[in-house]
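Taking it in order: structure first as structure tokens, then the write-up.
Keep in mind that what you see is a predicted model, and the values were worked out from it rather than measured. Heavy-atom basis, side chains included; hydrogens, waters and symmetry copies ignored.
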Amino acid sequence: MKELVCIVCPRGCRLKVDEENGYAVSGNSCPRGEVYGKQEVTAPVRTVTSTVRISGGLNPMCPVKTNRPVPKSKMLDVMREIAKVRIQSPVKCGDIIINDVCSTGSDVVATKDM
């Protein structure tokens with residue numbers, strides 16, 4: 001039995017996931033908690049947020065994030081790829097900075113106009 005705190009909504013339900021019983025989830029107040037509990041035990045994913053260096057703008061760094069969650073096991077690889085990138089201003093919010101980062105199916109996108 002694995003115990004988790006659900007992070008999908010502000011309630012912070014204390015979930016229990018029974019791995020021996022088909023990943024049965026208890027303690028959730030909404031259906032999203034059940035989905036989160038199963039996913040967190042079987043294949044955890046996270047959205048990665050970071051910054052990249054930018055030239056020609058007012059600020060030296062541009063905030064970025066993955067446009068969909070990536071496997072938790074690939075987070076460090078994604079961060080290494082992001083650290084290699086240098087971009088040139090102008091950049092619009094939503095512009096793709098890295099396409100299909102680390103073959104995860106997720107793009108790294110700008111989160112601010114620069």
Problem - Side-chain heavy atoms of Arg11 within contact of Cys6, under 4.5 Å - result: no
Check: Do Cys62 and Ile87 touch side chain to side chain, with heavy atoms closer than 4.5 Å?
Finding: yes
Taking atom CD of Gln88 as the centre, does the number of heavy atoms from other residues, nucleotides or ligands within less than 6.0 Å exceed 12? yes
When you group the ILVMFWY residues by side-chain heavy-atom contacts below 4.5 Å and let the links chain together, are Val64 and Met79 in the same group?
yes
Apart from Val5 itself, its cluster of hydrophobic side chains linked below 4.5 Å comprises none
Joining Ile, Leu, Val, Met, Phe, Trp and Tyr whenever any side-chain heavy atoms lie under 4.5 Å apart, the cluster holding Val17 also takes in Leu4, Ile7, Val8, Leu15, Tyr23, Val25, Tyr36, Val41
Could you pull out all donor-acceptor pairs under 3.5 Å where a side-chain atom in residues 107-114 meets a protein atom, sequence neighbours excluded?
| unit_1 | atom_1 | unit_2 | atom_2 | d |
| --- | --- | --- | --- | --- |
| Asp107 | OD1 | Asp100 | N | 2.8 |
| Thr111 | OG1 | Pro63 | O | 3.1 |
| Asp113 | OD1 | Cys93 | N | 2.6 |

Here the gap from Asn67 atom CG to Asn99 atom CG, rounded to the nearest 0.5 Å, amounts to 9.0 Å
So CD of Glu34 and OG of Ser26: to nearest 0.5 Å the spacing works out to 10.0 Å
One should read off an interatomic distance between Met1 CE and Asn21 CG, to the nearest 0.5 angstrom, of 8.5 Å
Any side-chain heavy-atom pair of Ile97 and Ile82 under 4.5 Å: no
Grouping ILVMFWY residues whenever side-chain heavy atoms fall under 4.5 Å, the cluster of Leu58 otherwise contains none
Sequence neighbours excluded, the answer for side-chain contact (heavy atoms from CB on, under 4.5 Å) partners of Cys30 is Arg32
Would you tabulate the side-chain donor-acceptor contacts of residues 46-57 under 3.5 Å, counting partners in other chains and residues two or more places apart, or write 'none'?
| unit_1 | atom_1 | unit_2 | atom_2 | d |
| --- | --- | --- | --- | --- |
| Arg46 | NH1 | Glu40 | OE1 | 3.0 |
| Arg46 | NH2 | Glu40 | OE2 | 2.8 |

Next on the checklist: For the backbone of Met61 and the side chain of Asn59, can you confirm whether one donor and one acceptor N or O come within less than 3.5 Å of each other?
Outcome noted: no
key: Expected output: side-chain Asp77 to main-chain Lys74 donor-acceptor under 3.5 Å   = no
